[in-house]
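Heads up: the structure comes next, in C-alpha cells.
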Amino acid sequence: MDRMGRKLWLSIAFVCLTIILVGCGTGGSSSGSSLDVDADGKKKLIVGTDATYPPMEYMDEKGNIVGIDIDIVNAIAEAAGFEVEYKNYGWEPLFPALDNGEVDFAVSSITITKERKQSFDFTEPYFIANQLILVPEDSDVELFDDLADKRVSVQINTTGHHVVADLLGKTSSKIVAAETMPLAISEMINGNADASVGDNAVILDYQKNNPDVDLKTVEDDSFEKEYYGLMVKKGNKEVLDLLNEGIKKIKENGKLKEITGFDME
Ligand code: ARG
C-alpha cells in the first residue's frame, strides 16, 4: 500500500471509531444510569408480572394490574423514591423479558431458588409462602405422597411444578402443566387432574372465592418454606440496590407488615 492509501485507511478507521464512541455515549445518561427519568426527575422502572395470580397479581375489572405484590412494590417505590409502570407478560415470557432488558425487574410471587439465582439476581425476601394441595372435597388424598399415583395439575415451571416433578418424575405424563394457575385449577375441576399444587395464598384465595365448588386443601410438612423476592437481570446492581433500599425501609417502618399481615423476620 502506498502512503496515500495508508493515510486514507487511517482516516476511515478514525471516522468509524468516532461513530462507535459517540454511539455509545448517547446510550447512557450522564449520571451513569440507564433508567428513564420522568418529569419530576424521578427514576421510572418498568415492572413485568404475570397478572393471573390472585390475590398476589391480577387484573381488576377495569384491566388494572392489582394485588398484594403490587401494593408491596408500590410501597417499595414510594419508600425508595422511584416511579413504576407495570406490564403483564405472563409467567414464562417474564424471564426472557428481564434478560433482554424489556423490563427493569419482575414481581410475580417469584420464589428465590438456587437454580434461578444462577441466571438472575434477587432482592431480599419480602414474603413467605409454601405449597398447598387442592383436591375435590371427597378426595382420599391426605398427604403429598398420596399424589404419587395421581394426575396433578400445576402452573408450568413454578416451584409447585418442581415439587410435583420430584415426586412423579420430571417427564411423567401424569403432570398437567398449565400456563396459568387458574387454568391448572380448572383442569382439576374438569376432572383432567386429581389434585392441584400451588402457592398457598393463591390456592386459599381460589377456594374462598369459589364456595360453590366442593374443594378442600391438604397441607404437608415436607413442603419447605419459600421466600418471594423481586427479580432483576443478573448483575443489575443499580436496580437491585434501589429495590433493597425500599424493602429495608418498608420492613422498618411497618408498611410491609401492614400489607401482608405478617412479620418477615
Ligand atoms: N412461587 C412460585 C414460583 O416462584 C409460583 C409463582 C407464580 N407466579 C405467578 N404470578 N404466576 O415458582
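A quick note: this is a predicted structure, and the numbers were derived from the prediction, not measured. Just so you know, ligand 1 is whichever comes first in the structure, and atom 1 is the first atom listed for that ligand.
- Between Phe120 and Phe95, the ring planes are perpendicular. Angles over 60° get that label, and only those under 30° would be called parallel.
- Within 4.0 Å of ligand 1, contacts by protein heavy atoms are made from Asp50, Tyr53, Glu57, Trp91, Ser108, Ser109, Ile110, Thr111, Arg116, Gln155, Thr158, Thr159, Asp199, Tyr228.
- Between Lys237 and Asp241 there is a salt bridge, with a side-chain nitrogen of the basic residue lying less than 4.0 Å from a carboxylate oxygen of the acidic one.
- Taking hydrophobic clusters as Ile, Leu, Val, Met, Phe, Trp and Tyr residues chained together by side-chain heavy-atom distances below 4.5 Å, Ile185 does not share a cluster with Val154.
- Ring centroid separation for the pair Tyr227 and Phe127 does not come in under the 6.0 Å cut-off.
- A salt bridge does not link Glu245 to Lys248: none of the charged side-chain nitrogens sits closer than 4.0 Å to a carboxylate oxygen.
- Comment: Asp36 does not engage Lys44 in a salt bridge, judged by the lack of any side-chain N to carboxylate O separation of less than 4.0 angstrom.
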